[in-house]
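Working notes for the structure below.
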Amino acid sequence: NQTCVIIGASHAGVNAAFALRKEGWSGPIVLIDGDSNLPYHRPPLSKAYLTSDDDISSHLLKPAVSYQQHNIELKLGVVVERLDATTKQLSLSGGEQLGYDKLILATGARAFVPPISGLNSAKHVFTLRNAEDVNRIRDAYNQLAAQNRCRVAVIGGGYIGLETAASLRKMAADVTVIERESRILARVTTAQMSEFFTELHQQHGVNIATDKQVEAIQPGPHGDIVRCSDRSEIAADLIIIGVGVRVNTVLAEQAGIQLNNGIEVNQYGQTSNPEIYAIGDCSYHHNPHYDRKIRLESVQNAVDQAKVAAAHLCGKAKVYDAIPWFWSDQYDVKLQMVGLSDDHDEAIKRQEPEPNKFSVWYFKQDQLVAVDAVNHAKAYVLGTKLIKTQQALNKANIVDASVELNLANL
Ligand code: FAD
């Protein structure tokens, strides 16, 4: 009976453990995470969890009893400090040595903290990646708000920064989003979507400050002063940094595994060491629909890759062929994005009669490559099907909101 050890008990690792059992893995499964909470959903952290006073146990990926029922050993609050791929031994915090036959790296990513002068001495600066981060943000905000100090600067206008801004606004904070690029969401979506989200946040009273690189944080007479490269200054009681992540690759490096924008894997999730797999946010993989290598930060990708790796470990020939998708919730807007829109050559928009309900359809050489759907689950579902089938589409009917959106009309 071979032992499979999984490092990282979040979306990828937990799904891999359960998928292994489902596919028939009969040996021990050990799931390790440095986080001492039972594994939980990460997306609510910047959304419902931030605005509530919930305990993270309300957002568990699986109830505690499921791990026992599936004979999955959990080691929580334990960091894997060293991976020796030659002897197949792991050194754990606390001094334990643990052997494996097969290893899955589901180590994800951590929040990146850019070099900003004065950052370390500032009192209320946070990143947002795990439950403890949000607990600290909630505590600090509540304390400051009790003294009427509600000015928040969110550094970084990506999805996490914007969701955090929306949540804090709901908590009555006075929010400024500071973005280095000329538009928010520049790294992840098109100018059209950036414009929509800029207006959405402005309508909710958030100040969106673009073209501003944060250089320093200095103590001010009340709270902190965030100084930007254009010499502008933003006063803040609380500062949240959401400028992207760095992949956790230290263990892969120790094992001499091939890295490339993350941990490089084949269509089964296997790294350059065939006994070691990498899945989720940490993996750099080939997407057959777009015929290129990508690294994704999305729950669905973590789940899809977990299933593929588990199947392969159990001797089944399942390959990774998912179409990427991602969602984001801000205020009363649900964005669902399917496919990769970054190299489209044509974008067409369908605006429904209701405000804040539309979809943007992206084509490359007349082939549908992605759909962004705002409050429009139907467009997202249809888009997913049509990207897969690659049939020729009637673009006039997509744009015309008086024509019902269904397969027959497209
Ligand atoms: P992670 O979730 O990063 O987990 C990796 C785990 O590995 C961590 O728990 C870490 O503690 C552990 N670990 C790493 N190294 C070690 C070690 N050496 N020893 C022990 N443990 C280790 N995605 C969406 O699709 N939709 C959303 O709306 C959305 N919202 C998000 C909101 C927030 C605030 C955040 C942070 C992410 C959001 N995401 C969203 C992204 C999504 O959560 C990630 O894509 C997903 O969590 C990736 O899962 P993962 O298991 O690959 O990695």
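Counting convention: from 1, in listed order, for ligands and their atoms alike. Since the model is a prediction, treat every value here as computed from it, not as a measurement.
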Proximal ligand 1 atoms for [X], defined as those under 4.0 Å from one of its heavy atoms:
X    : result
S298 : 23 (N), 25 (O), 45 (O)
A109 : 3 (O)
S46  : 32 (C), 33 (C), 34 (C)
K47  : 27 (C), 28 (O), 29 (C), 30 (N)
G280 : 52 (O)
E297 : 45 (O)
L251 : 18 (N)

Are the ring centres of [X] and [Y] closer than 6.0 Å?
X    : Y    : answer
Y320 : H286 : no
H376 : F358 : no
Y380 : W327 : no
H59  : Y40  : no

Would you say [X] and ligand 1 have an N/O pair spaced under 3.5 Å apart?
X    : value
V79  : no
L128 : no
V299 : yes
W327 : yes
G34  : yes
Q300 : no

- prompt: What do we get for N130 next to ligand 1 when only non-hydrogen atoms under 4.0 Å count, side chain, backbone, both or neither?
  reply: neither
- request: Tell me which part of C282 gets within contact of ligand 1: side chain, backbone, both or neither, using heavy atoms under 4.0 Å.
  value: neither
Name each donor-acceptor pair under 3.5 Å that joins a side chain in residues 71-82 to protein atoms two or more places apart or in another chain, with its distance.
residue : atom : partner : partner atom : Å
K75     : NZ   : E96     : OE1          : 3.2
K75     : NZ   : E96     : OE2          : 3.2

To the nearest 0.1 Å, how far is [atom] from its closest protein heavy atom, and which atom is that?
atom                    : result
atom 23 (N) of ligand 1 : F326 CE1, 3.4 Å
atom 3 (O) of ligand 1  : R129 NH2, 2.7 Å
atom 19 (N) of ligand 1 : V80 N, 2.9 Å
atom 37 (C) of ligand 1 : I160 CD1, 3.9 Å
atom 47 (O) of ligand 1 : H11 CD2, 3.3 Å
atom 6 (C) of ligand 1  : D33 OD2, 3.4 Å
atom 53 (O) of ligand 1 : G108 CA, 3.3 Å
atom 45 (O) of ligand 1 : D281 OD1, 2.7 Å

Candidate with minimal heavy-atom separation from [atom], of [options]:
atom                    : options            : value
atom 13 (N) of ligand 1 : V78, T107, L61     : T107
atom 43 (O) of ligand 1 : Q305, R42, E163    : R42
atom 5 (C) of ligand 1  : A106, G77, G8, A16 : A106

field: Salt bridge present between D174 and R151 (N-O < 4.0 angstrom)
entry: no
Let me have the donor-acceptor pairs involving side chains of residues 206-213, under 3.5 Å, with sequence neighbours excluded, atom names and distances please.
residue : atom : partner : partner atom : Å
N207    : ND2  : T176    : OG1          : 3.4
K212    : NZ   : D230    : OD2          : 2.7
K212    : NZ   : S232    : OG           : 3.1

Six-ring centre of Y67, K62 cation under 6.0 angstrom, axis tolerance 45°: no
task: Mark yes or no: K395 above the aromatic ring of F363, with NZ or CZ under 6.0 Å from the six-membered ring centre and no more than 45 degrees from the axis.
output: yes
query: Under 30°, 30 to 60°, or over 60°: which ring-plane class applies to Y159 and F326, parallel, tilted or perpendicular?
result: tilted
task: Would you indicate whether the side-chain heavy atoms of P324 and N287 approach each other to under 4.5 Å?
output: yes
query: Is there side-chain contact between D133 and F126, with at least one heavy-atom pair below 4.5 Å?
result: no
message: If I take atom CG from residue L405 and atom CD1 from residue I398, how far apart are they, to the nearest 0.5 angstrom?
response: 7.5 Å
field: Pair E23-R21, salt bridge (charged side-chain N to carboxylate O under 4.0 Å, His left out): steps then yes or no
entry: CA-CA 5 Å; E23 297 288 358; R21 283 289 176 243; over 6 Å; no
- prompt: Are K364 and E346 close enough, and set up right, to give a salt bridge (charged side-chain N to carboxylate O under 4.0 Å, His left out), and what steps lead you there?
  reply: CA-CA 7 Å; K364 189 180 176 191; E346 185 184 5; over 6 Å; no
